[in-house]
Amino acid sequence: MNFDRKKQIRFKNDDDIRLLREVVARNPIKNKNKWTEVAAVLSTPMFVLDARRVRERTNLLIEQHKRENRENLKKSGVDEDVTERTTLLDEIMELKEEEEREKKEEKEKKEKSENLGKEIRKRALECLTPKKDDESDIPKRRYSQTYLVDYLKEKSEMEIATKRTELELRKEELRLQKAQFDLDREERLQRMEVEKQEKIAFMDLLKKLTNNK
DNA sequence: CTAATTAATCGCTCCTTACC
DNA sequence: GGTAAGGAGCGATTAATTAG
């Protein structure tokens, strides 16, 4: 028995929607401290939340959403209901994926440039270390200096070249990502619109039927 | 009603980041 | 280098909800 444990706060569907809206609006995936803001916005005296609670609830919802998607797919492609709830969850998942991709890329880039630096330094060092005596017809100092200059030149050229290609690649990637994202969003909105129209048509039909009675 | 299932809380640990 | 601070996730425990 633990007496200092808080009373549990259960999320209702409305609460979930409000939560998901805030998460999409503020993107705490990218700015960790935003979890606090989200919690502050959603908290009322009756419904007290902290950043951790908000984060854990979001994760739980996403887990459930993923599970549902998997199951729908298995049951031979039942389309998910197009509701605000699922739309929001999809968007949050995209935010998460985007963040992950960015982190991975950053890491890879860092490693790459580190390796490049190491390599060049190593080679420069090799050329600076004294050779055996039998090569001494070339003055040591001159010998190493020219090589050092060469390597420095090589180094900066390589860096500029790789940076340029990396930048172009990155730009292209971003463009594609954005295009895909916009496409997805457009598709979802359209689906929602179609559903709304169908609902309206259905209601009209109902009205007609009842009036004609 | 009780048993089973699902969700919330919390302690702990691991990771990253900032600072020395 | 290391280490303090804070975020995040995992798992055990407990509480609430649902099924039977």
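Each chain gets a letter, A, B and so on, in the order the sequences are listed, and its residues count up from 1.
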Quick check: is A:Leu60 connected to A:Val24 through a chain of hydrophobic side chains (ILVMFWY, heavy atoms under 4.5 Å apart)?
no

Using whole Å, what does the distance between atom P of nucleotide B:dC15 and atom NZ of A:Lys103 come to?
13 Å

Taking any heavy-atom pair under 4.0 Å as a contact, classify A:Arg57: base, sugar-phosphate, or nothing.
sugar-phosphate

Do A:Arg10 and A:Asp15 have side chains that get closer than 4.5 Å, going by heavy atoms?
no

Between A:Arg55 (CZ) and C:dG9 (C1'), how many Å, whole number?
7 Å

What is the distance, to the nearest angstrom, from the CG atom on A:Leu61 to the P atom on B:dT6?
15 Å

In residues 10-46 of chain A, which residues come under 4.0 Å of DNA chain B by heavy atom?
A:Arg10, A:Phe11

Check the distance between C:dA12's P and A:Glu56's CD and give it to me in whole angstrom.
15 Å

For the pair made of CD in A:Gln8 and P in B:dA8, what is the distance, rounded to whole Å?
7 Å

When we call it a touch if two heavy atoms are under 4.0 Å apart, what does A:Glu63 touch: a base, just sugar-phosphate, or nothing?
nothing

Any A:Asn59 side-chain nitrogen or oxygen under 4.0 Å from OP1 or OP2 of C:dA8:
no

Contact check, side chains of A:Leu19 and A:Arg57, non-hydrogen atoms, under 4.5 Å:
yes

Send over the distance from A:Leu60 CG to C:dA15 C1', rounded to a whole Å.
15 Å

Rounded distance (nearest 0.5 Å) linking atom CD of A:Glu63 with atom OG1 of A:Thr58
12.0 Å

With a cut-off of less than 4.0 Å, is there a side-chain N or O of A:Lys7 near OP1 or OP2 of C:dA16?
yes

Would you mind listing every ring-ring contact (aromatic ring centres under 6.0 Å, His included) that reaches into residues 155-176 of chain A, with sequence neighbours excluded?
none

A:Lys104 NZ to B:dT16 P, in whole Å, measures 14 Å

Pair up each side-chain donor or acceptor in residues 33-42 of chain A with any protein partner under 3.5 Å, not counting sequence neighbours, and list the distances.
residue, atom, partner, partner atom, Å
A:Thr36, OG1, A:Asn33, O, 3.2
A:Glu37, OE1, A:Arg26, NH1, 2.8

Ignoring hydrogens, what is the shortest heavy-atom contact between A:Leu20 and A:Arg85? Give both atom names and the distance.
CD1-O, 4.0 Å

Taking OP1 and OP2 of B:dA8, is either one under 4.0 Å from a side-chain nitrogen or oxygen of A:Arg53?
yes

Where the side chain of A:Lys6 is concerned, which of B:dT9, B:dA8, C:dA16 is the nearest nucleotide?
B:dT9

